[in-house]
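Lettering of chains follows the sequences in order, A, B, ..., and the numbering in each one begins at 1. FYI, side chains are in, hydrogens and waters are out, and symmetry mates aren't considered; it's all heavy atoms of this structure.
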Amino acid sequence: QSALTQPPSASGSPGQSVTISCTGTSSDVGGYNYVSWYQQHPGKAPKLMIYEVTKRPSGVPDRFSGSKSGDTASLTVSGLQAEDEADYYCSSYAGSNNVFGTGTKVTVL
Amino acid sequence: EVQLAESGGGLVQPGGSLRLSCAASGFSFSGHWMHWVRQAPGKGLVWVAHINPDGRTTGYADSLQGRFTISRDNAKNTVYLQMNSLRAEDTGVYYCARAGVLGGLDYWGQGTLVTVST
């Protein structure tokens, strides 16, 4: 049950796009369409941004989108805004348990 | 309004025990899986445990090695995390979270800090 692998950091200028990868195995990301993404600002609780790979909860801007190919899921933030600067974590169902990614700090330049 | 309020955190010596509680309100508690997630200072999120709506099915992170137990009382709208044989590496903020009907952990509490130290 190892953590899913994410790049430590990603950045982009306002209005640009940034894509974060989340690599697991066939026992988690590759085996189920139950990948979620969470945004966490410093000192705050995480917020659900994407569930079931591609779906957005009500209230999440459509600038946020998710996808998956094989054992790797991705989160794309289009039209970057200052408030998108935060830590992002992926998560996947893994059979009888769950696993989070290592986290990616997104910086808006 | 959905609310989750954790309590029970604090300072505990290595080898000690602590019981965290998470009081839920604003939704039908008995209809949702519930999860505990922790975050060490300056580190990432780590999934700890989950429990199904009737409390009969639970799951744990392998790394816990059987030291933690999740349970719930649907009459009290509360989920618990009993933590035994605590170690320094268990230090962190512990969040409870609701699994949404549609998917993902859609509501989170503000967390309770557990510090394991002499």
Original post:
Any chance OH of A:Tyr32 has more than 12 other-residue heavy atoms, nucleotides or ligands included, within less than 6.0 Å?
Top reply: yes
**OP:** Give a yes or no on whether A:Ile50 and B:Leu45 share a hydrophobic cluster (residues Ile, Leu, Val, Met, Phe, Trp, Tyr; joining criterion: side-chain heavy atoms under 4.5 Å apart).
**Re:** no
**OP:** Could you look at B:Tyr107 and say if it's the side chain, the backbone, both or neither that has a heavy atom under 4.5 Å from chain A?
**Re:** neither
**OP:** Write out, in numerical order, the residues from residues 14-27 of chain A with a heavy atom short of 4.5 Å from a heavy atom in chain B.
**Re:** none
Subject >> Heavy-atom check, side chain of A:Ser36 versus side chain of B:Leu105, under 4.5 Å >> reply: no
Original post:
Hey, quick one: are B:Met34 and B:Trp36 part of the same hydrophobic cluster, counting side-chain heavy atoms closer than 4.5 Å, chains of contacts allowed?
Top reply: yes
Original post:
If you group Ile, Leu, Val, Met, Phe, Trp and Tyr by side-chain heavy-atom gaps below 4.5 Å, do B:Trp33 and A:Tyr51 land in one group?
Top reply: no
**OP:** Select all residues of residues 89-109 of chain A having any heavy atom within less than 4.5 Å of some heavy atom of chain B, and report them by number, or 'none'.
**Re:** A:Tyr89, A:Ser96, A:Asn97, A:Asn98, A:Phe100, A:Gly101
**OP:** Specify which of B:Val48, B:Val46, B:Asp62, B:Thr58 makes the most heavy-atom pairs with chain A at under 4.5 Å.
**Re:** B:Asp62
Original post:
What closest approach, in Å, do B:Trp108 and A:Ala45 show between heavy atoms, and which atom pair accounts for it?
Top reply: CB-CB, 4.0 Å
Original post:
Do B:Leu64 and B:Val37 sit in the same hydrophobic cluster, where Ile, Leu, Val, Met, Phe, Trp and Tyr count as joined when their side-chain heavy atoms come under 4.5 Å apart?
Top reply: no
**OP:** Please collect all disulfide (SG to SG under 2.5 Å) contacts where either partner lies in residues 5-104 of chain B, sequence neighbours excluded, each pair once.
**Re:** B:Cys22-B:Cys96
Subject >> Heavy-atom proximity to chain A below 4.5 Å, by part of B:Val93 >> reply: neither
**OP:** Using a heavy-atom cutoff of under 4.5 Å, enumerate the residues of residues 52-61 of chain A that contact chain B, numbered in order, or state 'none'.
**Re:** A:Glu52
Subject >> Considering all heavy atoms, the nearest A:Lys44-B:Tyr95 contact >> reply: O-OH, 3.5 Å
Subject >> Atom group of A:Tyr38 that falls short of 4.5 Å from chain B, counting heavy atoms >> reply: side chain
Subject >> Interface moiety of B:Ala61 toward chain A, non-hydrogen atoms closer than 4.5 Å >> reply: both
Original post:
Shared ILVMFWY cluster between B:Ile70 and B:Tyr80, side chains joined below 4.5 angstrom?
Top reply: no
